[in-house]
Structures are given as C-alpha cells and as structure tokens.
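Take a look at the structure below.
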Number of protein chains: 2
Amino acid sequence: MNSSRTARERVRAELTREIAEIARRHLATEGAVGLSLRAVAREMGMSSSAVYRYFPSKDDLLTTLIIDGYNALGRVVEQADAGCDRADHGGRWRAVCHAVRDWALAHPHEYALLYGSPVPGYQAPQDTVAPAMRDTIVFGRIVSEAHEAGALTVPAGPMGTGAAGVAEDMARVREQVMPGVPDAVAVRAVTAWTGVFGWIGFELFGQFNNVIEHRAALFDHSVAALGALIGLPRPVGESTA
Amino acid sequence: MNSSRTARERVRAELTREIAEIARRHLATEGAVGLSLRAVAREMGMSSSAVYRYFPSKDDLLTTLIIDGYNALGRVVEQADAGCDRADHGGRWRAVCHAVRDWALAHPHEYALLYGSPVPGYQAPQDTVAPAMRDTIVFGRIVSEAHEAGALTVPAGPMGTGAAGVAEDMARVREQVMPGVPDAVAVRAVTAWTGVFGWIGFELFGQFNNVIEHRAALFDHSVAALGALIGLPRPVGESTA
DNA sequence: CCCCTATGGGGAGCGCTGCTCTCGTTTGTT
DNA sequence: AACAAACGAGAGCAGCGCTCCCCATAGGGG
C-alpha cells in the first residue's frame with residue numbers, strides 16, 4: 001500500500017528534518033566546527049551511529065545547513081526587495097543591503113558558514129550554487145531594471161575594460177544575474193556587492209571592535225556610497241554622502 | 001652566571017620559535033581548526049604534553065600565529081607603499097590593495113585566520129590589536145597625506161553624516177589612522193577599505209567560482225572604482241572605469 | 001663542592017570527536 | 001508466511017585538547 005510506504009518515508013523525512021533543525025540550533029550557538037553529530041544524537045535521544053543513517057557524514061549535514069542558510073537569506077532579501085516600490089531602485093538597493101546585514105547579525109554563525117572562511121576539508125557540492133545565488137539574483141535584477149529604466153547615472157566615458165577576460169566575466173555576470181547591463185556598470189555592481197559583504201564581515205568578525213561602534217548609521221552611509229558607485233539614485237533630500 | 005641562564009632561555013626561545021614555525025606550516029596546509037598540537041609535537045619529535053610547556057593551550061599558539069600573520073601582512077603592505085612615489089597617492093592605494101591581495105592568495109589559511117570567521121571559542125587577546133592595525137595605518141596615511149596635499153577630489157556638497165554617532169566613530173578613525181581627514185572622506189575610506197577585503201574574501205572563499213575567473217584584472221577595476229570613491233586620483237591615461 | 005629546587009621532558013589517561021562494523025529488530029513487499 | 005531492505009544500538013578505532021604524575025637534569029645558593 002502506498003500510504004504505508006509513505007509512512008516510513010515520512011518518518012524518515014521528519015527525522016531528517018528534526019536532525020537538521022537541532023543541528024542548526026547547535027550551529028547558532030557553537031559554530032560550524034563546534035557542531036557535534038554526537039551532541040545532536042544525544043539531544044535526539046538516539047545513538048550517534050544512528051544519525052549516520054540520515055546524514056552519511058558531518059559534511060553532508062553541513063551541506064544541508066548551508067543550503068538552508070542560503071535559502072533563508074535569499075528569502076529575506078527577496079522579501080525586502082518585494083516590499084519596495086519597483087521604480088525606487090535606490091530604495092530597493094538599500095533595502096536589500098539592510099536585509100543582508102540584519103540577517104547576518106541575527107544569524108552570525110550561519111552567515112559565517114556561508115560567507116566566512118570555508119570549513120577546512122569541506123568541498124561545497126553543486127547543490128549549493130543555486131541557493132547561493134538567490135540574493136545575488138535579487139541584487140542583479142535591481143541593477144538590471146534600474147539600467148533598463150534609465151535610472152542609472154552611468155559614469156561618463158567608456159570603461160576601458162582593458163583585458164578581454166573581464167568582458168568574458170561580465171558577460172557571464174550579465175547572463176546569470178544582470179541582463180542588459182553594460183560592462184562598466186556590471187564591474188561596479190560586483191564591486192559594490194562584494195563591498196557590502198566585506199563591510200558586514202568586518203562588523204561580524206570583530207574588525208570594527210573598539211573603533212566603529214555606531215555600525216547601523218555608518219552602514220547606511222557605506223550603502224549609499226556604494227549605491228552611488230553603481231549609479232543608483234540617492235535617497236531624496238540627501239546630500240552627497 | 002648570566003650566559004648560562006641565558007643559555008637555558010635561549011634554547012627555550014628557539015624551541016618556542018620552532019614550534020610556531022611548524023605550526024604555521026601546518027596552518028598553511030590544514031587550516032586553523034585542522035591544526036593539531038599533537039601533530040606539531042610529532043614533527044618536533046617530542047611528546048604532545050611537552051609542547052604545553054611552551055604554549056599553554058592551542059589558543060595561545062593561535063594567538064602567536066595571528067600576531068605573526070598581521071605583522072607579515074603589515075610588512076608587505078608597508079613595503080608596497082614604501083616602493084611608491086610618495087606624491088602618487090593613487091598609485092600607493094593601488095599598490096597597497098594589490099599587496100593585500102597577493103599576500104592573501106599566497107597565504108589563504110593565514111588570511112582566513114585574520115579576516116575570516118573567527119575560530120569558535122577563541123577570544124583575541126589585546127596583544128593582537130596593534131599588529132592588526134599595521135596595514136590599516138598604512139592605508140590611512142595614504143588617505144591622510146592625499147587629503148593634506150589637496151589631491152583628493154572630495155565629492156561636492158557636505159556629507160550629512162546624520163547621526164552624531166558616526167561623527168564619534170570618524171573622530172576615532174581620524175585619531176588612530178587618518179589624521180586631518182574630514183568625516184565624509186573617512187566614511188568613504190572605511191567603505192573602500194572594507195570593500196577591498198570583501199572582494200578578496202569573495203575570491204578566496206569561493207564566491208567567485210564559476211562566475212568570475214579573471215580575478216586579477218577585475219580586481220584592478222574594483223580597486224580603481226573604490227579609489228575613485230575616496231577621491232583618489234586615477235592612474236594617468238585611464239578612462240572612468 | 002654539593003645539595004636542592006625549578007625546569008623541561010615522557011607516559012598514561014580522561015573525555016570528547018567523526019566514523020565504521022556488526023548484530024539484532026522492525027517494517028514493508030512479494 | 002517468507003524475505004529483503006531499512007533502521008537502531010553498541011562496541012570500537014583513531015584522533016583530538018588537555019591534565020596529572022613521575023623522572024632526569026641543569027643551575028644557583030649554602
């Protein structure tokens with residue numbers, strides 16, 4: 001009977017989900033390397049070896065957590081973008097940046113797992129690349145639509161990409177996340193995007209300690225500056241910050 | 001006698017240095033969490049417990065490696081800056097950025113130890129903060145001198161720092177690394193600086209994989225764009241990249 | 001000069017980890 | 001009812017950080 005076979009599979013799916021959930025809780029408190037399969041097993045009330053029926057290795061468990069993390073971050077970024085006026089490209093950029101930062105502050109260990117130093121010995125499988133692009137896709141769409149709408153203040157003069165390799169890379173960027181955008185804008189978009197994550201990394205990993213304390217306010221300014229770098233319109237009534 | 005007492009202390013210092021050196025080699029191949037005191041002891045030909053006479057814990061060993069790492073990075077950054085014409089502030093900025101990236105690519109695990117996600121449970125002692133500032137000080141001096149020389153194209157209009165907290169933070173930045181620089185420039189300098197590290201982090205930690213392959217060339221463009229964000233002069237004969 | 005104490009070694013051991021193997025039980029299928 | 005696949009538990013292996021204890025020895029004080 002189908003329902004009985006499903007019953008077995010359903011309890012399996014449920015246990016798999018429960019293990020991942022407990023693991024995610026441990027990850028939030030202990031970090032990726034502190035995550036212990038045995039501790040998860042204890043909390044599940046099962047033997048440590050039994051957990052290996054569900055996740056063949058700690059790396060597989062980490063992969064699940066990574067994918068979930070990318071999806072969670074992607075979702076909040078998508079929602080942040082969706083909550084904005086579609087024509088307000090500058091506002092969407094700011095909303096997306098703040099969504100990333102807020103999520104990172106709320107889930108520091110998970111963020112570190114996604115954007116921090118990779119766990120040694122861990123090789124990210126192909127399943128992670130699609131979720132990993134969710135936030136970037138949102139960002140790319142903003143730039144793309146801003147460009148299409150003519151809302152982008154493209155800096156004067158041609159870009160002079162120089163090496164042909166950059167053009168190749170930008171073609172890939174265009175194809176995957178930022179259709180229709182010229183090279184010069186795409187380069188700056190990549191710069192701005194990495195800049196946001198660099199900023200958040202500095203904040204999260206302690207580089208700002210004892211120097212920059214009013215992070216939210218400074219983040220606003222950095223996001224505005226990086227947005228201006230892409231050519232996105234500034235918030236109304238703001239001077240050149 | 002003094003020399004005999006010194007003899008004992010000298011062999012101790014030598015052994016301490018040797019342990020740290022082997023540990024740094026292991027760090028380069030295995031990463032920080034993969035670094036094993038027992039493995040270092042084996043390679044030293046001594047028992048694992050004996051190593052604890054020199055480093056009371058793995059964290060202390062890591063602290064040494066972190067300090068050494070900051071100093072090594074700081075040195076190459078200082079040398080890169082020193083190799084430039086002092087008046088060519090844009091060139092100095094580019095040289096410093098490339099020095100950071102080159103060192104990071106040459107010592108990825110060490111870089112991750114400095115600027116990646118912190119090792120869980122590890123609390124950086126106060127001894128690390130001074131070495132950690134060496135590269136930032138070089139960067140700040142460039143901006144400071146460029147501003148002093150009037151070489152900085154400060155963006156039109158006041159800045160509108162808004163929150164007073166940002167002004168506080170910028171005062172601290174000014175005092176520690178960037179004397180004489182106005183808030184608007186300091187904010188952009190922080191943005192650019194974190195942007196460089198964000199870029200390098202993306203490259204090093206795999207975020208660019210399968211998308212951006214011609215990293216050196218794109219890094220040039222990003223550095224130029226971030227330099228322009230601060231107002232540093234562009235390389236002669238380059239268009240607005 | 002001789003003793004004696006601090007210093008630096010080695011070995012054993014504790015509790016933890018990821019992971020494997022085996023063995024018995026349960027569950028769903030034919 | 002028989003059988004195979006799935007599942008759980010326990011023991012065990014090798015590794016880890018770290019501690020404790022014991023011993024040799026080197027250096028300094030009487």
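Residue numbers start from 1 in every chain, and the chains themselves are labelled A, B, ... in the order their sequence lines are given, proteins ahead of strands.
- Rounding to whole angstrom units, CZ of residue A/Arg8 and C1' of C/dT27 are separated by 4 Å.
- Nucleotide D/dG10 holds its C1' atom 15 Å from the OH atom of A/Tyr52, rounded to whole Å.
- B/Arg12 has a side-chain polar atom (N or O) that falls below the 4.0 Å cut-off from OP1 or OP2 of C/dG8.
- Under a 3.5 Å cut-off, the side chain of B/Arg92 and the backbone N or O of B/Asp81 do not form any donor-acceptor pair.
- Between the C1' atom of C/dG18 and the CG atom of A/Leu61 lies a distance of 12 Å, rounded to the nearest Å.
- With hydrogens and angles left out, the side-chain atoms of B/Tyr122 and B/Thr63 include a donor and acceptor closer than 3.5 Å.
- Regarding A/Arg53, its CZ atom lies at a distance of 12 Å from the P atom of C/dT20, rounded to whole Å.
- Both A/Leu35 and B/Ala50 lie close to DNA chain C; mapped to their nearest nucleotides by heavy-atom distance, the more 5′-ward contact belongs to B/Ala50.
- Listed nucleotides: C/dC19, C/dG10, D/dC18. Nearest to the side chain of A/Lys58: C/dC19.
- When the P atom of D/dA6 is taken as reference, atom CD of A/Glu14 falls 20 Å away, rounded to whole Å.
- Atom CZ of A/Arg38 is separated from atom C1' of D/dG8 by 15 Å (rounded to the nearest Å).
- The side chain of B/Tyr54 contributes an N or O atom lying less than 4.0 Å from OP1 or OP2 of C/dG9.
- At a cut-off of 3.5 angstrom, the base of D/dG10 holds no donor-acceptor pair with the side chain of A/Ser47.
- Ion pairing of A/Glu213 with B/Arg172 is absent here, as no side-chain N (NZ or NE/NH1/NH2) approaches a carboxylate O to less than 4.0 Å.
- Taking atom CG of residue B/Asp60 and atom C1' of nucleotide D/dG17, one finds them 13 Å apart after rounding to whole Å.
- With distances taken from any side-chain atom of B/Arg42 to the nucleotides D/dC16, C/dC19, D/dC7, the minimum falls on D/dC16.
- Across D/dC18, D/dA6, D/dA9, the shortest atom-to-atom separation from the side chain of A/Met46 is found for D/dA9.
- Under a 3.5 Å cut-off, the side chain of A/Asp183 and the backbone N or O of A/Met170 do not form any donor-acceptor pair.
- Remark: P of D/dA5 and CD of A/Glu9 are 15 Å apart, rounded to the nearest angstrom.
- Remark: B/Ser36 is in phosphate contact with D/dG17, judged by side-chain N or O atoms under 4.0 Å from OP1 or OP2.
- A/Ser48 comes within 4.0 angstrom of a base, heavy atoms only.
- Residues B/Phe202 and B/Val211 fail the side-chain proximity criterion, which asks for heavy atoms closer than 4.5 Å.
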